[in-house]
There are 2 protein chains.
Amino acid sequence: MATIKQVALEAGLSKSTVSRFIAQNGYVSDEARKKIEEAIKKLNFTPNLSAQSLKTKKNQLVGLLLPDISNPFFPMLAKGAEEFLKEKGYRVMLGNIGENHQSEHDYLKVLLQSNAAGIISTHDFKEEFPDLDIPSVIVDRVGHKSNYGVFSDNESGGRLAAKVIVEAGAKNVAVVSGPLNATNINNRFKASIAYLKEKKVDFKALYSQSYDFEEIQKEAREVLANKENFDSIIAPSDIHAMAYIHEIHRLDKKIPEEIQIIGYDDIQMSQFIYPALSTIHQSAYQMGLEAAQLIYKIATDQPIEKSKIELPVHYVARETIRQKGKE
Amino acid sequence: MATIKQVALEAGLSKSTVSRFIAQNGYVSDEARKKIEEAIKKLNFTPNLSAQSLKTKKNQLVGLLLPDISNPFFPMLAKGAEEFLKEKGYRVMLGNIGENHQSEHDYLKVLLQSNAAGIISTHDFKEEFPDLDIPSVIVDRVGHKSNYGVFSDNESGGRLAAKVIVEAGAKNVAVVSGPLNATNINNRFKASIAYLKEKKVDFKALYSQSYDFEEIQKEAREVLANKENFDSIIAPSDIHAMAYIHEIHRLDKKIPEEIQIIGYDDIQMSQFIYPALSTIHQSAYQMGLEAAQLIYKIATDQPIEKSKIELPVHYVARETIRQKGKE
DNA sequence: GTGAAAGCGCTAACAG
DNA sequence: CTGTTAGCGCTTTCAC
């Protein structure tokens, strides 16, 4: 790998001039510019990022800390972030955190050690490390401590899910909450319940502990075994909904005739399962994109109009909810 | 961020001693060791990775270059790689390359500029940049140029798919090939065709240009519109199979009674679609893991028994292939 | 066992 | 507009 020194030599100029040229700051004459360009091409020079970062204490690197990359919601989020960031010359470091605190901690450390430009995370680590000096935007699971956040309108989403199911004739609904440490989940959950209470529809609150399909499947089996005779289920995610659908199939019950179910997220899979899942759509891609934009603006000292960005949601009618007027 | 100098000062020792301590090489007395540990804890010191990398010309970083993170095969691969690498103290830089050559090129450059320890990629860039001096292992789409590769037994997989479908009574099969630039796809495809010829079963070769669902859907629509009356389809991936299934539904044909179809990959989604997809299983997670292990071994100068690792595949019977003896 | 010194490749005053 | 200089934080001979 060629160095700036060799380029300077080749071009018959000093390191500083070359440095000014590549950093695009300070004056460089057209003549010098030309010589440098030739030298760079000839030597196939490309600046050493470690040296650059060491000197400037900056790094065009952003950490992307996700709970589970195999959950289809997150690859889309990653894609949204990566596409924007790469366009701006930033790199993304992928961290699959799971529920593992150690792992998160390790990544935070590494990111700090690398002078990373920022962190996009689903977990608000600033609660645990409040004096961590690095820009961070929390996506999806935004709490109140976060300075910057991107999330969808969980309140509306939760209400909407309940509304859809009630209008389709729900009489006895199971409202299942996802793991409660996720604030967004909690908001949806509360909003659904509030709506149900308003409309005086019977319901029971259920609590799921996991996002792992196998785990949820077990929970679903137990829930459905307790003969509560739910005629409707509000699921906290499409993955949850699918696990329930799977178990409902095993019980030979008809969807949506005997049990109707609504998901949340609208992951790609939702349209391919049987019956196709009716769900509340939120855009993971958009979330990743907006989060990346925020980080970029912070890193480049651009003004930020909104530090908390709320994305709209909407209902996608498919086959797991009874159609109005079609009893 | 504290520096090694401050730690040295605090411990009453020299930078070199502290450096030897953190790098775990060279002698450090127990007494010094203790003082350093205290100082590090007190100052919350953690070495600057850029400085380290600049000096040592090494970086515990590996690039993961994928064609499309939203294709469910790749998140699992990423997970396998990330979990192993993080355990070993390495980081992964995620690059979503698409079919974009520029993007791949940019990432290769950045990885080089960062002294990355290696690259895991689905595309054998060494064909284009043969003198790129960085360890690389090609996953999934391994060609002949690659020094290191991890791939599944595509030959067997292709034959197996054809065998399954023939034994289920196929008379007129559409063998669809994925984009042909992917060697693995090509091998499967050829193996399927070879088997079909052996068994003297009528078939037609079809060529898909994409992995994007919408695109494939269009292709499928066209294929099915040309009334060739296929009774069986061998798909190059589960995603392709799903697109075909989707279109077959539109045509109100029964699966597997009128058309049977076999996929490839066994992504999670496959068990949830309707009908559940019969497919050839290969483990993306394992692929990522093995690739990461290879990189790690190369980076740490460990002996490598096998530079090309072939993973086994197997058939997963579900509902899109007719059961033997059940006509 | 430990420290002094040089230097990795780059940037940023500052002087010219 | 360009070059000199110092130094980012770390590692690594090489003396002591």
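Since the structure is predicted, the reported quantities are computational estimates derived from the model, not experimental observations. The figures here come from the full heavy-atom set of this structure, side chains too, leaving out hydrogens, waters and symmetry mates.
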> Output yes when at least one side-chain N/O atom of A:Lys57 is less than 4.0 Å from OP1 or OP2 of D:dG9, else no.
yes
> In whole Å, I'd like the distance from the CG atom of A:Asn48 to the P atom of C:dT11.
10 Å
> What's the closest nucleotide to the side chain of A:Gln52 if the choices are C:dG9, C:dT11, C:dT2?
C:dT11
> Between B:Asn115 (CG) and D:dT11 (C1'), how many Å, whole number?
14 Å
> Looking at the side chain of B:Thr3, which of D:dT11, C:dG9, D:dG9 is the nearest nucleotide?
D:dG9
> A:Leu54 CG to C:dA12 C1': how many Å, rounded?
14 Å
> May I ask you to verify whether the side chain of A:Ser16 and the base of D:dT4 hold a donor-acceptor pair under 3.5 Å?
yes
> Quick one about B:Gln52 and B:Asn48 (side-chain donor to acceptor, distance below 3.5 Å, no hydrogens or angles considered), yes or no?
no
> Among the nucleotides D:dT11, C:dC8, C:dT2, which one has an atom lying closest to any side-chain atom of B:Arg20?
C:dT2
> So, for A:Ile134 and A:Ala116, which heavy atoms are closest and what is the spacing to 0.1 Å?
CD1-O, 3.6 Å
> Find the distance B:Lys34:NZ to C:dT2:P and express it as a whole number of Å.
14 Å
> What's the NZ-P distance between B:Lys58 and C:dC8, to the nearest Å?
17 Å
> Side chain of A:Ser29 only, heavy atoms from C-beta on: which candidate in D:dC10, D:dC1, C:dG9 is closest?
D:dC1
> Could you tell me how far apart A:Met1 (CE) and C:dG9 (C1') are, to the nearest whole angstrom?
11 Å
> Measure from the side chain of B:Asn25, starting at C-beta and using heavy atoms only, and say which of D:dT4, D:dT12, C:dG9 lies closest.
D:dT12
> In whole angstrom, what separates B:Ile4's CD1 from C:dA4's P?
14 Å
> Could you check whether the side chain of B:Lys15 and the base of C:dG3 have a donor-acceptor pair of N or O atoms closer than 3.5 Å, going by distance alone?
no
> Locate the shortest heavy-atom distance separating A:Arg141 from A:Pro67; write the atom from each residue and the value.
NH2-CG, 3.8 Å
> So what does A:Phe21 touch, heavy atoms closer than 4.0 Å: a base, only the sugar-phosphate, or nothing?
nothing
> Judged by each residue's nearest nucleotide on DNA chain C, which is more toward the 5′ side, B:Tyr27 or B:Thr56?
B:Tyr27
> When you check the phosphate oxygens OP1 and OP2 of C:dG3, does a side-chain N or O of B:Thr17 lie under 4.0 Å from one of them?
yes
> State, without any angle test, whether A:Ser53 and A:Lys58 hold a side-chain donor-acceptor pair at a distance under 3.5 Å.
no
> Do A:Lys306 and A:Leu294 have side chains that approach each other closer than 4.5 Å (heavy atoms only, starting at C-beta)?
no
> Measure NZ/A:Lys5 against P/D:dG3 and give the value in whole Å, please.
15 Å
> For B:Phe129 and B:His105, run ring pair (Phe, Tyr, Trp, His ring centres under 6.0 Å): C-alpha distance rounded to whole Å, both residues' side-chain angles, the deciding distance at 0.1 Å, then the answer.
CA-CA 9 Å; B:Phe129 309 99; B:His105 189 245; 5.1 Å; yes
> Using the side-chain heavy atoms of A:Lys55, tell me which of these nucleotides is nearest: D:dC8, D:dC10, D:dC1.
D:dC8
> When you get a sec, tell me which of C:dG3, C:dG9, D:dC10 is the closest nucleotide to the side chain of B:Leu13?
C:dG3
